[in-house]
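Let me begin by presenting the structure, written as structure tokens, before commenting on it.
Protein chains get the first letters and strands the later ones, always in sequence-line order, with residue 1 at the start of each.
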2 protein chains.
Amino acid sequence: MSKRYSAQKMMIENALKQLDHPTASEVYEYIRESYPNISLGTVYRNLGLMAEAGEILRIPSGDSPDRFDINAHEHLHVTCTKCGKVFDAESEKLEDVLKKIDRFLQESTGVYIEERTMLFQGVCSNCRKQ
Amino acid sequence: MSKRYSAQKMMIENALKQLDHPTASEVYEYIRESYPNISLGTVYRNLGLMAEAGEILRIPSGDSPDRFDINAHEHLHVTCTKCGKVFDAESEKLEDVLKKIDRFLQESTGVYIEERTMLFQGVCSNCRKQ
DNA sequence: ATAATAATAGTAACCATTACTAATAGATAG
DNA sequence: CTATCTATTAGTAATGGTTACTATTATTAT
Ligand SMILES: [Mn+2]
Ligand SMILES: [Mn+2]
Ligand SMILES: [Zn+2]
Ligand SMILES: [Zn+2]
């Protein structure tokens with residue numbers, strides 16, 4: 001059938017667990033250390049399929065390459081513009097606020113919201129010290 | 001000094017007023033009808049500079065090309081996945097909610113938020129009828 | 001006018017991502 | 001088992017939006 005659990009996919013899953021919100025290239029480089037023949041195309045294809053299936057999260061980023069997240073539960077990301085670190089944000093309170101936005105947008109535009117892309121940028125407390 | 005108001009920039013501004021959230025290419029094609037020698041690079045450069053200067057808004061879009069908005073006031077965009085139409089959403093109420101998100105993210109991650117990228121997608125009421 | 005320098009047109013390069021293709025590996029059936 | 005079928009891969013080429021480069025043109029300052 002249409003699902004063969006390849007060794008490569010397993011390695012990609014493992015890389016996602018070891019790395020913090022990595023790009024496809026970072027996953028590729030990580031796997032290459034133990035399995036030098038892995039193909040970048042294979043990494044891209046599997047990451048895309050997994051994101052499509054809802055098994056992982058794709059974090060689009062506009063200018064820089066997309067990042068991926070083993071934590072598939074919907075949550076927000078904040079990126080530091082100085083050091084590039086990615087922070088997670090998640091809470092009941094936040095979910096309520098987001099639902100409120102969905103409802104507002106739906107009422108004011110008539111569009112039934114199916115997907116949101118949200119990315120926040122700023123300077124982290126560590127980088128502010130320097 | 002560093003600001004020369006070129007005829008090309010004026011044409012780009014005008015195109016932004018005539019078109020609804022156009023891409024750089026759409027601006028380019030629009031201007032080409034009356035001024036065939038305009039360069040796509042010039043359109044990109046000016047749009048980038050204007051967005052940088054806060055004179056216009058850049059709407060990043062992940063997969064598809066970025067769009068631009070003559071309305072520089074911060075507001076949200078909802079795109080219909082069927083017809084591609086872009087809807088504007090703006091209100092006092094919404095601004096309050098967004099400020100609330102900023103404050104929450106700042107408290108929970110320590111990052112001082114300087115920029116937000118938000119894009120919503122769904123199906124518009126018109127497309128739902130079909 | 002002359003010189004200095006923004007800005008442009010045209011084109012080449014970039015780079016993340018996708019598409020393509022022949023080879024591989026794992027499942028299926030006899 | 002052996003032959004066959006097919007999902008997946010490695011390797012590489014192509015894509016497409018965007019940026020970089022460079023010689024030329026247009027605008028400003030002297
Ligand atoms: Mn995360
Ligand atoms: Mn708008
Ligand atoms: Zn930082
Ligand atoms: Zn629609």
Check whether any side-chain heavy atom of A/Cys83 lies under 4.5 Å from a side-chain heavy atom of A/Cys124, and answer yes or no.
-> yes
Pairwise 5' ranking along DNA chain D for B/Thr23 and A/Lys9, keeping only the more 5' one = A/Lys9
Could you label the plane-to-plane angle of the B/His21 and B/His77 rings as parallel, tilted or perpendicular, counting under 30° as parallel and over 60° as perpendicular?
-> perpendicular
Between B/Lys3 and B/Tyr5, is NZ or CZ placed under 6.0 angstrom from the six-membered ring centre and within 45° of the ring axis?
-> no
State whether the distance check finds a donor on one side and an acceptor on the other, under 3.5 Å, for side chain B/Arg4 versus base D/dT27.
-> yes
Among residues 31-64 of chain A, which residues get a heavy atom nearer than 4.0 Å to DNA chain C?
-> A/Tyr44
Within 6.0 Å of OH in A/Tyr112, more than 12 heavy atoms from elsewhere = no
Can you tell me how far P of D/dT12 sits from OH of A/Tyr28, to the nearest Å?
-> 10 Å
B/Pro65 side chain: which of C/dA16, D/dT18, D/dT9 is closest?
-> D/dT18
Atom CD of A/Glu74: over 12 foreign heavy atoms under 6.0 Å = no
Is it the case that A/Lys100 places NZ or CZ above or below the six-membered ring of A/Phe104, under 6.0 angstrom from the centre and within 45 degrees of the axis?
-> no
Hey, is the side chain of A/Gln8 poking within less than 4.0 Å of OP1 or OP2 on C/dA25, counting only N and O atoms?
-> no
